[in-house]
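Everything numeric here is computed off the predicted structure, so don't read it as measured data. Naming convention: chains lettered A, B, ... in sequence-line order (proteins, then strands); numbering from 1 in each chain.
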Amino acid sequence: MEPEARIVLAFDLDNMYVACERLRNPSLVGKPVGVQQKGLLATASYEARALGVDKLCSLWEAKKRCPSLILVNGEDLTLYRYYSRRVFLLVRSVLGDCPVEKLGMDELFCDVTNLVKEHLQETRDISPDPRGRWFALARAESGALTDYKGFWYNPSSECPGHTIPQYDPTVSDNATLPESILAASHLANHIRHLVLTQIGLGSSAGIAYDKTIAKLVGNMHKPHQQTTLVVSPTASEEYSTVVQTLLDPLNPHKLMGFGSKALHTLRDYISTTKYPITSPSTKEDDRDELALTVGLLRSKMTAALFGSLLGAQNGQKIWDLLEGRDNEPVKMSPEFPLTISVEDSFDQQRGTLDWSGVLTEIETLANSLLRRLEIELVDGGELETLGREAVKPDRRRKWQRYPSQIRLTIRGGHSRQIAYNANRESRSAPLPVPVFDLDIPRTERAQGLIRQPLAGLAKQILDKGGEPVEKYEFSIINIAVTNLQTTTPTKAINAFFAASPWDKQENKRIRHSHEAKEPASSNGSKRRRRTLPPDIDINMIKELPADIRDEVVREYGIIEFEEPPSKIIKRDVTEHTLELADDVNQASATPESNTVADGKKLSSVLESMSDDGCWTSDDDDKKAMTPCTLCGAVIFDWSMAAHMTYHSGS
DNA sequence: CCGGGCTTCT
DNA sequence: AGAAGCC
């Protein structure tokens with residue numbers, strides 16, 4: 001007995017960077033806007049694309065073609081992360097226990113199998129209601145959404161948005177349409193409606209039976225539209241016909257998991273074995289390459305061949321993609337990222353420095369890393385940076401996560417040969433606890449990080465145990481914190497006792513911490529207090545970062561504190577959700593914000609969400625390519641400026 | 001295969 | 001710790 005079919009929704013926020021900038025600055029609505037990053041155009045609004053801007057990327061070229069183009073600097077991603085998180089939390093709260101997976105900043109996958117199943121069971125036997133059928137949401141323990149219960153839809157109406165295969169209006173009938181996929185499509189429509197009205201971001205969606213195909217069909221009609229695969233895999237023959245028709249003409253690259261490496265390997269094999277695939281490409285982005293399609297690969301090769309070329313497991317997985325099978329589960333994304341990193345790149349000039357120059361660059365990065373930690377991991381931090389009223393000043397700002405490791409990655413050299421991922425070396429070390437102490441100025445904490453451990457890590461990488469060198473060459477420096485913990489770093493506390501990380505000289509005597517650790521299970525009493533290490537100064541404990549101090553106090557049962565230590569941190573997801581949701585409701589209630597980020601009137605967008613007559617679509621944000629005038633390499637337009645710095649370097 | 005930021009597999 | 005994948 002085969003497992004029941006899943007139902008997967010794929011959401012994609014339309015033109016997200018521009019849309020976010022328009023929420024920040026509504027005067028940009030309806031105008032041609034370009035978002036600029038590092039001297040290149042990261043993305044352009046639909047108005048700008050209509051004026052020919054999307055075909056190029058250098059800034060002056062863009063300005064030439066479209067003098068009215070408004071450039072916005074998008075190098076600081078804070079705003080985009082903020083909205084990305086808002087959308088994630090909203091969707092998650094609507095879907096209860098369903099897994100919601102974040103892909104990058106602007107995409108989500110949702111496995112709504114169980115939700116839809118429950119919905120159908122609940123509504124199966126109830127008598128018809130003139131309003132249609134009630135899709136109940138946010139039940140049970142997700143008590144966050146007291147104001148939110150579900151929505152009505154008409155089970156005998158057509159599927160919202162577009163369908164695959166397309167409806168034949170002459171035979172159009174819901175008889176063949178699986179109830180579950182119809183319900184899921186209405187659910188997706190409802191979620192898009194919520195994201196639009198509560199947050200102000202338009203989105204597109206795909207509804208299908210796995211992630212790859214949901215994403216694929218979702219990309220077929222954009223923006224502000226959705227597309228549903230309306231044939232069930234339980235009707236296996238019809239399903240594979242439809243899916244194969246859909247996939248066969250595609251560039252395999254469009255299938256998630258079919259990366260450039262795999263494609264390259266396959267192409268190599270095909271050309272060296274004179275495999276009978278010959279059709280020369282006419283498409284620009286396939287120039288000089290075999291025009292591989294899903295259909296060609298599928299008909300000319302075998303699963304076994306894929307296995308031997310790409311590894312047994314991976315080969316099989318990729319082969320399955322060609323046949324429209326994708327068993328990748330929708331993985332529930334964690335509330336906070338698992339790593340947070342900052343990175344800068346350097347051309348030949350900037351990237352050739354003596355030792356103190358290297359340290360200066362690392363310090364700059366350390367500062368911006370600390371800023372990000374405060375924005376993203378401290379309660380209320382993101383609101384503060386967005387110029388909204390932060391948490392009450394008297395309320396202590398609490399860390400929501402505690403990274404325990406820090407990692408330095410350096411990519412050396414500027415030779416053209418190396419692959420972008422090669423030549424990277426990294427070293428990691430425990431993250432010193434004082435970084436969490438918000439009473440220490442950020443710049444001081446950054447300097448502390450340099451002293452320990454970043455300078456040492458940099459030496460390990462750059463000197464490789466040899467003698468120091470006059471000049472160091474590198475092209476990328478990255479600093480990351482990893483292993484984000486939900487609890488205060490107790491291990492780090494021990495480390496703190498063992499050696500005060502950043503040399504508070506007076507506290508030299510707090511050394512022998514491990515003696516202080518009690519044999520854990522010496523008797524049955526769990527509540528038994530640890531004894532404070534005898535040589536620890538109570539005043540030093542007072543200077544610990546607040547959260548750490550609480551932990552110490554709790555662990556060791558210190559009582560001679562004037563101010564009572566606050567309770568153990570209690571994390572409440574739902575509370576946070578509501579807090580974030582608040583300011584939007586006001587925003588969307590005011591008349592002047594009653595426009596969608598891409599310039600359409602809200603009312604017209606809402607209207608269009610129920611029918612198919614949407615305005616013309618654009619797509620594939622960043623896929624255009626152009627040959628470099630100097631070396632002829634075909635390069636993504638959005639990276640041409642960066643590419644040019646490459647030439648000027650050598 | 002350039003950019004910055006993330007995840008996952010090995 | 002590094003390679004590779006995705007946006």
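If you check every strand for non-hydrogen atoms under 4.0 Å, A:Ala480 touches nothing. Within 4.0 Å (heavy atoms only), A:Phe346 reaches no atom of the nucleic acid at all. Across all strands shown, A:Thr409 has no heavy atoms under 4.0 Å from either base or sugar-phosphate atoms. Note on A:Asn314: nothing from the nucleic acid sits closer than 4.0 angstrom, heavy atoms only. Counting any heavy atom pair closer than 4.0 Å across all strands shown, A:Glu75 reaches no nucleic acid atom.
Cation-pi check for A:Arg86 over A:Tyr83 is not met; the charged atom does not lie both under 6.0 angstrom from the ring centroid and within 45 degrees of its normal.
Closest to the side chain of A:Glu343, from the set B:dG4, C:dG2, B:dT7, is B:dG4. Relative to the side chain of A:Glu107, the nucleotides C:dA1, B:dC6, C:dC7 differ in distance, and C:dC7 lies closest. Of the candidate nucleotides B:dT7, B:dT10, C:dC6, B:dT10 has the atom nearest to the side chain of A:Gln313.
The nearest whole Å value for the distance from the CD atom in A:Glu328 to the C1' atom in C:dC6 is 13 Å. The distance from atom NZ of A:Lys331 to atom P of B:dT7 is 12 Å, rounded to the nearest whole Å. With rounding to whole Å, A:Glu376 atom CD is found 10 Å from B:dG5 atom C1'. Between A:Asp12 atom CG and C:dC6 atom C1' there is a gap of 13 Å when expressed in whole angstrom units. One interatomic measurement links the two molecules: CZ of A:Arg424 to C1' of C:dA4, which rounds to 11 Å at whole-angstrom precision. Atoms CG (A:Leu108) and C1' (C:dC7) sit 13 Å apart, rounded to a whole Å. Protein atom CG of A:Asp344 is 8 Å distant from nucleotide atom P of B:dG5, rounded to whole Å. Note: NZ (A:Lys102) to P (C:dC6) measures 18 Å, nearest angstrom.
Of the side-chain N and O atoms in A:Ser345, none sit less than 4.0 angstrom from OP1 or OP2 of B:dC2. Under 4.0 angstrom from either OP1 or OP2 of B:dG5 there lies no side-chain N or O belonging to A:Thr339. The side chain of A:Ser426 contributes an N or O atom lying less than 4.0 Å from OP1 or OP2 of C:dG2. Between B:dC6 and A:Arg372, a contact under 4.0 Å exists linking OP1 or OP2 to a side-chain N or O.
The nearest heavy atom of DNA chain B to A:Arg81 and to A:Lys317 marks one nucleotide each, and the one closer to the 5' end goes with A:Arg81.
A:Lys331 NZ: more than 12 foreign heavy atoms inside a 6.0 Å radius. Surrounding CD of A:Glu75 are more than 12 heavy atoms belonging to other residues, nucleotides or ligands, all under 6.0 Å away.
A:His162 and A:His221 have parallel rings, their planes meeting at less than 30° on a 0 to 90° scale where 60° marks the start of perpendicular.
Ion pairing of A:Arg371 with A:Glu376 is absent here, as no side-chain N (NZ or NE/NH1/NH2) approaches a carboxylate O to less than 4.0 Å. Salt bridge status for A:Asp248 with A:Arg298: present, with a side-chain N to carboxylate O gap under 4.0 Å.
One C1' atom belongs to B:dC1, the other to C:dA3, and the distance between them is 14 Å to the nearest Å.
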